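Computed from a prediction, not measured in an experiment: that's the story for all the values here.
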Amino acid sequence: MLDVRLVRENPEVIRKDLAKRHAPDKAKLLDSVIQWDKEWRKALAEGDALKRRRNEITKEIAEAKKAGKDTDKLRKEAAALPKKIAALDLRIEELEGQVRDGLLRLPNLLHGSVPIGKDDSENVEVSRWGTPRTVDFELRPHGELLEALRLADFERARKIAGAGFVYLLGDLVRLDQALLSFALDYMVKQGFTAVFPPFLMRRAAYEGVVDLTDFENVMYKIDGEDLYLIATSEHPMGAMFMDEVIDVDRLPVTLTGLATQFRREIGAHGVDTKGLFRMHQFNKVEQFVFCRPEDSWTWHEKLRANGEAIYRALEIPYRVVNVCTGDIGTVAAKKYDIEAWFPRQQAYREVISCSNCTDYQARRLNIRAGKVGGEKFVPHTLNATAMATSRGLVAVLENFQNADGSVTVPKVLRPHLGGQDVIRGLPPR
RNA sequence: GCUGAGGUAGCGAAGCCCGGUCCAACGCGCCAGACUUGAGAUCUGGUGGGCUGCAAGGCCCUCGGGAGUUCGAAUCUCCCCCUCAGCGCCA
């Protein structure tokens, strides 16, 4: 959420930004917000004047009564006020809601380095690491491979939960845990505090971190309860300090969340749709930072570096793209995607997303930093993936597949698999 | 799920029965200033949100949320939410 004061005092800054996004409807919305805000302040001033009069009269009545004087005249004047006040309050509330809704729908201000573009095809590659491996055999689609190795059962998962769910089996379960465990250890070594958050959140908290329209699209709701399954641990970590003042001495707060996440919207595009690439349920280690505004761009690079380091350690080639205006979404001021090389798909595909949300998310969550009783400011928040399995699993399965159908375990994961260096699957039954 | 006790500012805690000196006492913490070589101690002022004003300041709102009674609600009435304790159930 943008600062109303910016809308009031410097709307040109926002207007220029919206132009970069090619968002004429948002520009129109901005004009409306400015107008609503003006009307809101006017109504507020009128309402306050009436309330002031009411407070005065109330006091006068109290004094007159104590002095034993007649209060009828005063009461008569006072009796007329509540109706007027109530009418104005209604108007004020209405306008306030409009302003807030408008602010929520206006996107964050972009960083100057965000490339202009219409969709993900115009994201700009900023770096590339590793040499895609070439093999002299045909790589099998990972879903097919897993079924052959009996390391995953999509059929039975579909039977009991529907498409988008899977039974991981045998060594694939351990590989999944190894990826998570490796990433979590890496983050902890960087000084981040590990967090295992609630997997369910109340709507009031969720509204602070998610676009209202997303509820219907991506969130699973528990029937009959005010609880939603988390779509990423970014959400419970972001909401962790909702309505709080973080002591400035505690900044930066660096967290790394481990959680299973649930998303209704999984779509389907690209080759090898069957498999782990897009699931209703998956695991993720997440990076999350609350910091001083002046430090957030340094942190943004640091989170990206963490993501890169993890994929380098796995020896999986990747590239980093600077996500363009058409693809960046509303919350981030700048976003890098790290795209791993998927040799079967012959494509770089997103495995890590790294965003600086500046003060946009924190303001909406009503998180401030500073000293209680002293000066306060809105901290910046950043989030990035460290490791998302299933996608990380797919990357390993494609990059480390052998001609005989076995899968080599990346070196850094072996300690997490009791030294095992190859996965062969369960024996056929 | 049942029963009970609660929800007051960053935290602790009074006030609620008996509506108006509550623009919420007091303590701790924190912030600013004074004193000090520095720190500490001490003293003074401040301590949430908003509107208005160049500023000094002025005003409004805020006692879990909402509705009601009233000229006036932290205080009275009703509904809801949440937390804690005990019991039940349970990995």
Exercise. Hey, are Q261(A) and N283(A) close enough side-chain-wise for a donor-acceptor pair under 3.5 Å?
Worked result: no
For this session: Establish, from distance only, whether the side-chain atoms of Q98(A) and E93(A) form a donor-acceptor pair under 3.5 Å.
Result: no
Problem set entry | Whole-Å gap separating P (C23(B)) and NZ (K51(A)) | 16 Å
Exercise. Taking the six-membered ring for Trp, are H300(A) and W297(A) parallel (under 30°), tilted (30 to 60°) or perpendicular (over 60°)?
Worked result: perpendicular
Problem set entry | Separation of atom CZ in R54(A) from atom P in A73(B), rounded to whole Å | 6 Å
Problem set entry | Given G49(B), C61(B), G50(B), the nucleotide with the shortest approach to the side chain of R368(A) | G49(B)
Seminar exercise, completed: Closest to the side chain of W40(A), out of C61(B), C60(B), G50(B), is G50(B)
Seminar exercise, completed: Winner on side-chain proximity to R41(A), out of G58(B), G50(B), U52(B), is U52(B)
For this session: Would you mind reading off the distance between D89(A) atom CG and G66(B) atom P, rounded to a whole angstrom?
Result: 12 Å
For this session: Could you pick out which residue, K376(A) or L44(A), lies toward the 5' side of RNA chain B when each is mapped onto its nearest nucleotide?
Result: K376(A)
Exercise. Which one, C82(B), G72(B), G50(B), comes nearest to the side chain of R202(A)?
Worked result: C82(B)
Exercise. Going by atom types alone, do H380(A) and T358(A) pair a side-chain donor with an acceptor below 3.5 Å?
Worked result: no
Problem set entry | V173(A) backbone acceptor or donor facing Q177(A) side chain under 3.5 Å | no
For this session: Remember a base hit wins even if backbone is also touched, and classify N55(A) as base, sugar-phosphate or nothing at under 4.0 Å, heavy atoms.
Result: sugar-phosphate
For this session: Let me know the distance between CD1 of I92(A) and C1' of C59(B), rounded to the nearest Å.
Result: 13 Å
For this session: In whole angstrom, give the distance that lies between atom NZ of K371(A) and atom P of A9(B).
Result: 20 Å
Exercise. When the distance from CG of L88(A) to P of C61(B) is rounded to whole Å, what number comes out?
Worked result: 13 Å
For this session: Measure the distance from CZ on R52(A) to P on C23(B) and round it to the nearest whole Å.
Result: 15 Å
For this session: Check every atom of G72(B), C61(B), C82(B) against the side chain of T58(A) and return the nucleotide holding the closest atom.
Result: G72(B)
